Amino acid sequence: MSSRYFPLGSVGLGLLLSTAFGVIWWRCSYAIDFFGDYSLLLDCSYRLATGQTPYRDFFFPTTPLAFHLSAIILKIFEFRYQALKFFAATEGAAAVFLAVYFCRRLLGLNWKISLGLGAVTLVWLPELYWGRPWYNNTASFFALAACVAAMKFWIGGGLFFMSAAGAGAALAFWSKQDVGAGALLGCFLSAAVFECVSWKNSRGKSLISLAIGAALIFGVYWGYLAAHGAIGDWWEATVIRGVQIKFTGDGAGTGIWHMPDLSKLARALFSPWMAAENRTSLGLTVLYAAAVLLSLTRYLIGRKIRDLGAATVALMALGSFYTGIFTHGGKTFNTLLPHLGCVLGFFFLGADAGAAAEDNRTPLRRWLSRQKRLTVWLERTPRLAAVLAAFIGIYGLRYIEYGTLKKLNYSIKTLRLRGLRVDERQGRIFDEAARFVKDRIATGDYFFAPSMAALYYASNRRPPHHTAFHGWCFSGDAARVIDDLKKNRVKIFMWSKPLDRIENLPPEEICGMPGIREYLAASMPKKQSFGDLAVFRGD
């Protein structure tokens with residue numbers, strides 16, 4: 001590392017990481033959709049922190065690692081939300097550091113470019129836009145770590161780093177299965193390419209090392225689930241239901257297995273090119289694909305193993321990113337992966353990128369070495385990429401939604417969530433519900449609050465039902481929830497709507513499962529209203 005750049009690097013990196021931490025900490029103080037995904041995050045993490053086993057004791061359709069990490073943080077810091085903010089901000093700053101490390105140490109770029117690409121990574125960090133310690137964020141971080149480890153292997157770091165890449169991709173899978181599946185596929189493609197060009201020296205060692213790293217993580221999690229008798233529940237929730245929800249159009253259907261809807265699969269495959277709502281996904285897809293092609297072209301011209309490694313690592317990033325677009329319809333995945341600083345780094349792979357190869361035995365390399373215009377364009381890619389990154393970055397900044405954040409002007413008073421700012425109506429309802437639980441529900445008694453799942457965490461009460469995630473459920477889940485409510489003798493149902501509106505809601509808005517509304521109406525007919533908080537009681 002050049003001493004000429006060291007002062008700039010040390011000071012600039014410190015400022016960048018401090019900025020990343022501070023911005024994410026600030027953003028996690030606001031909850032745009034507090035009664036939706038935010039409540040799901042807190043409910044799942046709280047359930048795990050209190051000893052419940054995922055899938056066996058409660059259902060949600062993703063892999064559980066991110067919630068396990070949040071649960072550990074909650075237990076260590078006595079269930080304070082401030083600890084989750086710290087976790088999210090630290091994770092985001094670490095992702096920025098990995099991007100700068102990748103560009104500076106692994107690609108050999110100078111400090112100015114590396115710090116600039118780290119700043120671009122911050123612009124697209126999911127923590128900044130989503131504003132909560134979410135499973136997508138953790139999956140993205142581990143996928144990025146897998147890319148860093150794979151590139152370290154390609155430049156001669158040893159087989160340990162290929163094992164680390166496999167472990168990172170597996171950790172991404174256990175944080176969010178679609179992102180991790182793309183990262184795993186990219187890892188194995190990277191190792192396969194390495195074997196093709198280095199078979200005499202490697203003889204399958206990179207593939208074996210990669211498999212060992214991934215198998216270690218899978219073995220630990222499968223062992224944990226098997227020890228708790230939850231393997232079958234995991235398979236149904238994250239594999240069967242995951243495919244059912246994403247690709248069959250039957251997420252709230254009968255629970256019977258269906259073959260994927262081929263027309264839906266085709267639409268998802270081309271979604272980034274057709275989704276009028278979001279052009280950022282399209283722009284990032286082009287950047288990922290261009291990184292692969294440019295790095296591969298540099299390899300063909302100059303035959304540098306680092307350039308081929310960069311191409312395969314870019315393919316890893318493209319795989320995990322596109323898998324996310326594929327399963328999200330190309331509309332809401334625009335800020336999910338913090339790989340972007342690294343991907344843009346592939347445009348800057350050195351001033352000698354267009355130099356003619358010393359060995360021009362193959363016709364393709366001889367032809368490429370004579371293409372002066374191609375060489376010029378490759379050497380100009382730093383400036384071209386910087387302009388393109390700035391354009392997409394400015395476009396992506398609109399998702400910060402400053403106008404929306406200004407409307408989050410209510411600070412929740414409930415102790416465990418104190419300092420979190422939400423919409424005033426939601427905040428007042430939640431605080432009223434927390435007071436109602438504290439003053440009117442005896443310790444040990446259960447209540448049912450499907451629209452305010454975070455209320456169990458905030459009031460230190462046990463959830464009485466199996467289903468934490470009330471969307472994307474099957475009809476059979478309603479029977480299980482009703483059985484849970486009967487078994488736990490639940491006689492209080494709380495809903496975040498006025499009494500005069502709840503009667504007109506369609507059944508699926510109660511908690512996404514047919515049959516629940518009818519049971520609640522029959523077993524808890526007594527009604528009270530506390531502002532916008534509706535309370536139903538049974539005998």
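Worth saying up front: this structure is predicted, and the values here are computed from it rather than measured.
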Candidate pair Val535 and Phe447, rule side-chain contact (heavy atoms from CB on, under 4.5 Å), full reasoning = CA-CA 10 Å; Val535 178; Phe447 62 87; over 6 Å; no

inquiry  = Would Met524 and Ile492 count as a side-chain contact (heavy atoms from CB on, under 4.5 Å) here? Give the steps.
reply    = CA-CA 7 Å; Met524 304 177 200; Ile492 295 178; 5.7 Å; no

query = Between Ile412 and Tyr81, is a side-chain contact (heavy atoms from CB on, under 4.5 Å) present by the stated rule, with each step listed?
reply = CA-CA 11 Å; Ile412 291 182; Tyr81 176 70; over 6 Å; no

message = Could you walk me through whether Tyr38 and Gln426 satisfy the side-chain contact (heavy atoms from CB on, under 4.5 Å) test, starting with their C-alpha distance in whole Å, then the side-chain angles of each, then the deciding distance to 0.1 Å, before giving a yes or no?
response = CA-CA 12 Å; Tyr38 229 105; Gln426 290 187 351; over 6 Å; no

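At least one test fails for Arg428 against the ring of Tyr410: distance under 6.0 Å to the centre or angle within 45° of the axis.
Counting heavy atoms from C-beta on, the side chains of Val422 and Phe35 never come closer than 4.5 Å. Annotation: side chain of Tyr457 is not in contact with side chain of Ser39 (no heavy-atom distance under 4.5 Å). Using a 4.5 Å heavy-atom threshold, the side chains of Phe430 and Ser496 count as separate. Annotation: side chain of Ser175 is in contact with side chain of Leu65 (closest heavy-atom distance under 4.5 Å). Taking the side chain as every heavy atom from C-beta outward, His228 and Asp57 never approach each other to under 4.5 Å. Side-chain contact between Lys486 and Tyr519 is present, with at least one heavy-atom pair separated by less than 4.5 Å.
A donor-acceptor pair is defined here as one N or O able to donate and one able to accept, closer than 3.5 Å; no such pair exists between the side chain of Arg480 and the backbone of Asp483. No side-chain donor-acceptor contact under 3.5 Å links Ser320 to the backbone of Ala183. With Asn488 contributing its side chain and Val490 its backbone, the two residues share no donor-acceptor pair below 3.5 Å. Formation of a donor-acceptor pair under 3.5 Å by the Lys527 side chain with backbone atoms of Pro525 is not found in this model. For the pair Arg47 (side chain) and Pro463 (backbone), a donor-acceptor distance under 3.5 Å is absent. Thr63 places a side-chain N or O within donor-acceptor distance of the main-chain N or O of Lys176, the cut-off being under 3.5 Å.
Note: Ile429 CD1 to Ser451 OG = 8.0 Å, rounded to the nearest 0.5 Å. Of the inter-residue distances, the one linking Arg462 atom CZ with Tyr456 atom OH reads 12.0 Å to the nearest 0.5 angstrom. The distance from atom CG of Leu98 to atom OG1 of Thr121, rounded to the nearest 0.5 Å, is 10.0 Å. To the nearest 0.5 Å, atoms OG1 (Thr138) and NE2 (His68) are separated by 13.0 Å. From Phe173, atom CZ reaches atom CZ of Phe142 across 14.5 Å, with rounding to the nearest 0.5 Å. Taken from CG in Asp43 to CD in Gln52, the straight-line distance is 8.5 Å, to the nearest 0.5 Å.
The salt bridge (Lys or Arg N to Asp or Glu O under 4.0 Å) test applied to Lys438 returns no partner, not counting sequence neighbours. Judged as a ring-ring contact (aromatic ring centres under 6.0 Å, His included), and not counting sequence neighbours, the contacts of Phe67 are Phe60, Tyr135. In this view, Arg80 satisfies the salt bridge (Lys or Arg N to Asp or Glu O under 4.0 Å) rule with no residue, not counting sequence neighbours. Looking at residues two or more places apart in sequence or on another chain, you find no ring-ring contact (aromatic ring centres under 6.0 Å, His included) involving Tyr101. Under the rule for a salt bridge (Lys or Arg N to Asp or Glu O under 4.0 Å), the partners of Arg435 that lie at least two apart in sequence or sit in another chain are Glu432. With sequence neighbours excluded, no residue satisfies ring-ring contact (aromatic ring centres under 6.0 Å, His included) with Phe97.
Under a cut-off of 6.0 angstrom, the local environment of CZ in Phe218 is crowded, with over 12 non-hydrogen atoms contributed by other residues, nucleotides or ligands. Lys75 NZ: 12 or fewer foreign heavy atoms inside a 6.0 Å radius.
Aromatic rings from Tyr322 and Tyr288 are positioned such that their centres are separated by 6.0 Å or more.
Classification of the Trp25-Phe21 ring pair by plane angle, with boundaries at 30° and 60°, yields parallel.
For the ring pair (Phe, Tyr, Trp, His ring centres under 6.0 Å) criterion with Trp234, the lone passing option out of Trp174, Tyr221, Phe59 is Trp174.
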